[in-house]
Amino acid sequence: MNLTLYNTLTNQEEIFIPVNPPKVNMYCCGITAYDYCHLGHARTCIVWDVVRSYLIWRGYEVKYIQNFTDIDDKILNRAKNENTTMEAISERFIQAYFEDMQRLNVKPADAYPRATHALDGIKKLIWELEQKGYAYETQGDVYYSVSKFKDYGKLSGRKLEDLQTGASGRVNQSEAVKQESFDFALWKSAKPDEPSFDSPWGKGRPGWHIECSAMVRDMLGETIDIHMGGNDLIFPHHENEIAQSEAVTGKPLARYWLHNGMVKVDGEKMSKSLGNFVTIRDLLAKYDPMAIRLFILQANYRKPLDFTDEALKAVTNGWHTLAEGLLFGVKYREILNWTEKANLSFIKSVQDHFCQAVDHDFNFAAGLAILFELAKDLRKEGNLLTHEGKTSQSSQELGDKWHTLVNLAQILGLEAHSNEIENISNVITESEIEVLIQQRLDARQAKNYQEGDRIRDLLKDKGVTLIDASGGITKWHWNN
RNA sequence: GGCGGCGUAGCCAAGUGGUAAGGCAAGGGUCUGCAAAACCUUCAUCCCCCAGUUCAAAUCUGGGCGUCGCCUCCA
């Protein structure tokens, strides 16, 4: 089976062939650490986390690097406002990032280089660009001379003559020292009270784009397999990375350029500048982290994704279905007494289906349909077991389905925990539950339904659900 | 103005020439004091519009409309 992926560079789907299989080098443009991350950042992190994990499952040896931009105007502004240092700000939000990611079950990258720790590589790259005539210095600033790089625009499909300066309405007037409006800064001279680093061009700091070129080269080599990021980075950020790296090495920076779509709110991109963002923290206070993962994975990674409370609620219900399937084995494995050897051909065939779906440009939504089928089936059998004490399938079949479900869900980073069951069972014992159920039965027989409902609600608060089965028997089970 | 993406049920979404997966929501039924849970069941004659190619198109081609992103802060 072939894995195909949509390459922004060619605007088409291509068969994935790494430079040195089975090794795969991936680089993802990370965040600028000046504030808490929002759902849009979460989308990027979750999508590429799952891509990485899928590639590993497919047998690739993946090295995954994600950077932090820890020097930048926004960080400096915040430091000034809070009367602290740039380092303190970036460190704080990098730590917050790690906390958020852990809660979303995003696995750590293999390394997180920071701009301020990559200065040697950055300066070397700028120096080489100068040597080759791609960079020029003015008043302590160093700029990249875009018109010298003939492939400029190949990623974003732009031509130099079409570049309309200021069309986005955000032109920085102070950059009048540039030779041409589309040139961009490689090194910025330091303003009087700003943190700065020594360089051959005087005290200053790196431009935004150069750090990624330097880090990729330092940590992964001259041509990597996959370069990823949000699609708002295609131009100018990734275009400029290509210009910087390829001018120096003469080799393609990346074979495949993958970009995820934006999260939208009321039809508009979620962003800091529009102020229409929800932080991951706020979201996690309201929704299950796994529901958030599901929300993101159910959408095609390249398409825009609308954030609404309604959608998150819907997906939370969906998550409960999956979670019930995932907890099936935890709850029933002892009753079902799984001792038989796994039916490998069954597991293999489901995995093949999953693979076939996801191989097509990381179609996780289609893959999820397979998980839902397994989970619904298991949920049904679990309910049969709880309500009627029997199943309609053999315990071997159920075991195979459960193991397959857990295995596939793991790839997507979807994990259900039965902690709640344990925690709640400490609050009330089974014999206490039995006593209360008897009291309720007595009350109901005396037609004292008010008292009966009170006991039912009481138990509900303790995490116990009652089922009034036929024949006047009340069964119960822990919620989860 | 330039470049790129997208347009499938109430919502999300799969589908890559052979007659519309899956999820959520909703409706009906069984059970029930009610509820919850569970189980059964219904839900696009049709894929933005128009033309074309084909025995056959949601899928390919051309045109149109709508929508989103980027055009130097961006995930």
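In what follows, chains are A, B, ... by sequence order, proteins preceding strands, each numbered from 1.
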All N/O contacts under 3.5 Å from nucleotides 8-11 of chain B to the protein, with atom names and distances to one decimal?
none

- Message: Would the base of B:G33 count as contacting A:Arg444 through its side chain, where contact means a donor and an acceptor less than 3.5 Å apart?
- Response: yes

- Task: Please list all pairs passing the salt bridge (charged side-chain N to carboxylate O under 4.0 Å, His left out) test where one or both residues lie in residues 356-383 of chain A, with sequence neighbours left out.
- Result: A:Arg58-A:Asp359, A:Arg302-A:Asp361, A:Asp377-A:Lys401

- Message: List the residues meeting side-chain hydrogen bond (donor to acceptor under 3.5 Å, both in side chains) with A:Asp70, not counting sequence neighbours, and say none if there are none.
- Response: A:Thr116

- Query: Would you say B:C40 has OP1 or OP2 under 4.0 Å from some side-chain N or O of A:Lys380?
  - Reply: yes

- Message: Once hydrogens and angles are ignored, does a donor-acceptor distance under 3.5 Å link the base of B:C6 to the side chain of A:Arg302?
- Response: no

- Message: If you only use heavy atoms from C-beta on, which nucleotide in B:A13, B:C24, B:A75 is closest to the side chain of A:Thr32?
- Response: B:A75

- Message: Under the rule for salt bridge (Lys or Arg N to Asp or Glu O under 4.0 Å), what residues qualify as partners of A:Glu451, not counting sequence neighbours?
- Response: A:Arg454

- Message: Among A:Leu55, A:Asn7, A:Asn25, exactly one meets side chain to side chain contact (heavy atoms under 4.5 Å, CB included) together with A:Ile226. Which residue is that?
- Response: A:Leu55

- Task: Report the residues that fulfil side chain to side chain contact (heavy atoms under 4.5 Å, CB included) with A:Arg158, sequence neighbours left out, ordered by chain and then residue number.
- Result: A:Ser156, A:Leu163, A:Phe235

- Task: Please check the phosphate of B:C12 (OP1 and OP2 only) for any side-chain N or O of A:Lys264 closer than 4.0 Å.
- Result: no

- Message: Tell me if the side-chain of A:Lys269 makes a donor-acceptor pair with the base of B:C74, cut-off 3.5 Å, by modelled atom types.
- Response: yes

- Task: Under 4.0 Å from any atom of RNA chain B, heavy atoms only: list the residues of residues 102-114 of chain A that qualify, in numerical order.
- Result: none

- Note on the structure: Side-chain contact check for A:Thr321: nearest option of B:C24, B:A14, B:C74 is B:C24

- For B:A14, does OP1 or OP2 lie under 4.0 Å from any side-chain N or O of A:Asn300? yes

- Message: Base, sugar-phosphate or nothing for A:Ala369? Non-hydrogen atoms, less than 4.0 Å.
- Response: base

- Task: Using only heavy-atom distances, decide whether a donor-acceptor pair under 3.5 angstrom links the side-chain of A:Arg456 to the base of B:A36.
- Result: no

